[in-house]
There are 2 protein chains.
Amino acid sequence: MRLSTRGRYGIRAMLDIALHDNEGYVALKSIAERQNISESYLEQLIGELRKAGLVMSARGAQGGYKLSLPVSQITVGAILRTLEGSLAPVDCVSEDSPFICGQSEECVTRDLWLKIRDSINSVIDTVTLKDLVDKIQKNEKK
Amino acid sequence: MRLSTRGRYGIRAMLDIALHDNEGYVALKSIAERQNISESYLEQLIGELRKAGLVMSARGAQGGYKLSLPVSQITVGAILRTLEGSLAPVDCVSEDSPFICGQSEECVTRDLWLKIRDSINSVIDTVTLKDLVDKIQKNEKK
DNA sequence: CCAATTCCAGGTAAATTACTCGGTATTCAA
DNA sequence: TTGAATACCGAGTAATTTACCTGGAATTGG
């Protein structure tokens, strides 16, 4: 039940972009350097975040990425789902692939998986990038 | 963030044993057949559940497994953790391997991972095998 | 004794993860 | 107008993890 690097890197990259949100476009290279993430790998991930509409890009010199929404409107759930797919613990309660099990007995556990899924969702859909940014800025003040 | 077959099979196997709890020891073979799980694979898993003290075994003819605790005292959390390890979404908030990240910035996300972890734990540590058994028996009545 | 069982250590094929590589397209700035 | 800096794209690959299998040894009831 671990998150893969995709989700973790994605959160870090988005947070990095959020912290430089007032400086125009942020180059992939600088994100990768600051976050110490492989540039070519991160490129893939950001590409998916772009297709999901979470960041926008500018090509060419001085290009890069910036958030396409206010920080308060980007939830960690949106980021994680883009990169990890549904965070459901088993396929039969996944939001995207509603795989139905033939097992009759397993369905008694379905409620359990639903509970787990929903409890995860309730966290990731309420925490936004703004919350994380605020926390960093509060730490810096001290 | 999917559970592997280990956790899912483990829950099903334990539930199977629970449903036959009054019939003495249940043979691995019969569990595997009923649950349609590879016998040799399940053997591994049940071995770990035994070492964790969740089931007890009897060797030799007429041997098998039975629960070593009342159904109401076996949480799905205990089963899942035995087979999957901590259900923490990232290592730095894992109960067993308290890996500490050097990344200073990542620590702002630590609270997020903790929230996710705790919300999962609050579900799996409150649901017991008894809850699942009760639900099955209620379904059968209808 | 023997058939049924658990126990155990090791191996392996398939899938997934975490990347790399090489190239193309675009754009700013000198 | 050209070149450096960037995003974009598809394919390939090494390492790791998963989901098993195999062959046996130990134990026990009938």
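A, B, ... follow the sequence lines: proteins, then strands. Residue 1 opens every chain.
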Next item on the list: Examine D/dA19: is either OP1 or OP2 under 4.0 Å from a nitrogen or oxygen in the side chain of B/S4? Give yes or no.
Entry: yes
Next item on the list: Check B/L87 against B/I120 and note the closest heavy-atom contact, atom names and distance.
Entry: O-CD1, 3.8 Å
Check: From B/H20 NE2 over to B/L15 CG, what is the distance, rounded to the nearest 0.5 angstrom?
Finding: 10.0 Å
Note to self: Is there a side-chain contact between A/Y9 and the phosphate of C/dC19, meaning an N or O under 4.0 Å from OP1 or OP2?
What the structure shows: yes
Next item on the list: Remember a base hit wins even if backbone is also touched, and classify A/Y65 as base, sugar-phosphate or nothing at under 4.0 Å, heavy atoms.
Entry: sugar-phosphate
Note to self: Below the 4.0 Å mark, does D/dA19 have OP1 or OP2 next to a side-chain nitrogen or oxygen of B/R6?
What the structure shows: no
Note to self: Please report the distance, rounded to the nearest Å, between CD in B/E39 and P in D/dC20.
What the structure shows: 14 Å
Next item on the list: Send over the distance from A/L28 CG to D/dC9 C1', rounded to a whole Å.
Entry: 14 Å
Notebook entry, point to check: Start at the 5' end of DNA chain C and walk down; is the nucleotide closest to A/S38 or to B/K51 reached first?
Noted result: B/K51
Notebook entry, point to check: Do the side-chain N or O atoms of A/R50 get closer than 4.0 angstrom to the phosphate oxygens (OP1, OP2) of D/dC9?
Noted result: yes
Margin query: Using whole Å, what does the distance between atom C1' of nucleotide D/dC8 and atom CG of A/L42 come to?
Written below: 14 Å
Check: How would you label the contact of B/I46 with the nucleic acid (heavy atoms, under 4.0 Å): base, sugar-phosphate, or nothing?
Finding: nothing
Check: Is there a side-chain polar atom (N or O) of A/S40 under 4.0 Å from OP1 or OP2 of C/dT20?
Finding: yes
Margin query: Can you measure B/I37 atom CD1 to D/dT18 atom P for me and round it to whole angstrom units?
Written below: 17 Å
Next item on the list: Examine D/dT6: is either OP1 or OP2 under 4.0 Å from a nitrogen or oxygen in the side chain of A/S57? Give yes or no.
Entry: no
Check: So, is B/T5 near the phosphate of D/dT18, with a side-chain N or O under 4.0 Å from OP1 or OP2?
Finding: no
Note to self: Taking the nucleotide of DNA chain D with the nearest heavy atom to each, does B/Y41 or A/G64 sit closer to the 5' end?
What the structure shows: A/G64
Note to self: Rounded to whole Å, how long is the line connecting atom NZ of B/K66 with atom P of C/dT6?
What the structure shows: 14 Å
Next item on the list: Hey, which sits more toward the 5' end of DNA chain C by its nearest nucleotide, A/A58 or A/E43?
Entry: A/E43
Notebook entry, point to check: What integer distance in Å separates A/E48:CD from D/dC8:C1'?
Noted result: 13 Å
Notebook entry, point to check: So, is B/R8 near the phosphate of D/dT18, with a side-chain N or O under 4.0 Å from OP1 or OP2?
Noted result: no
Item checked: Euclidean distance, A/I79 CD1 relative to A/R81 CZ, rounded to 0.5 Å -> 11.0 Å
Note to self: Base of D/dT27, side chain of B/R59 - is there a donor-acceptor contact under 3.5 Å?
What the structure shows: no
Next item on the list: Kindly give the heavy-atom pair with the smallest separation between B/I37 and B/R12, and that separation in Å.
Entry: CG1-NH2, 3.9 Å
Next item on the list: Let me know the distance between CZ of A/R12 and P of C/dA18, rounded to the nearest Å.
Entry: 13 Å
Check: Is the closest basic N to carboxylate O distance between A/K138 and A/D134 below 4.0 Å?
Finding: no
Next item on the list: To the nearest 0.5 Å, tell me how far B/L42 CG sits from B/I46 CD1.
Entry: 4.5 Å
Notebook entry, point to check: Which nucleotide in the set D/dC9, D/dA5, C/dA3 lies at the smallest distance from any side-chain heavy atom of A/A61?
Noted result: D/dA5
Item checked: Between D/dC21 (C1') and B/L45 (CG): distance, integer Å -> 14 Å
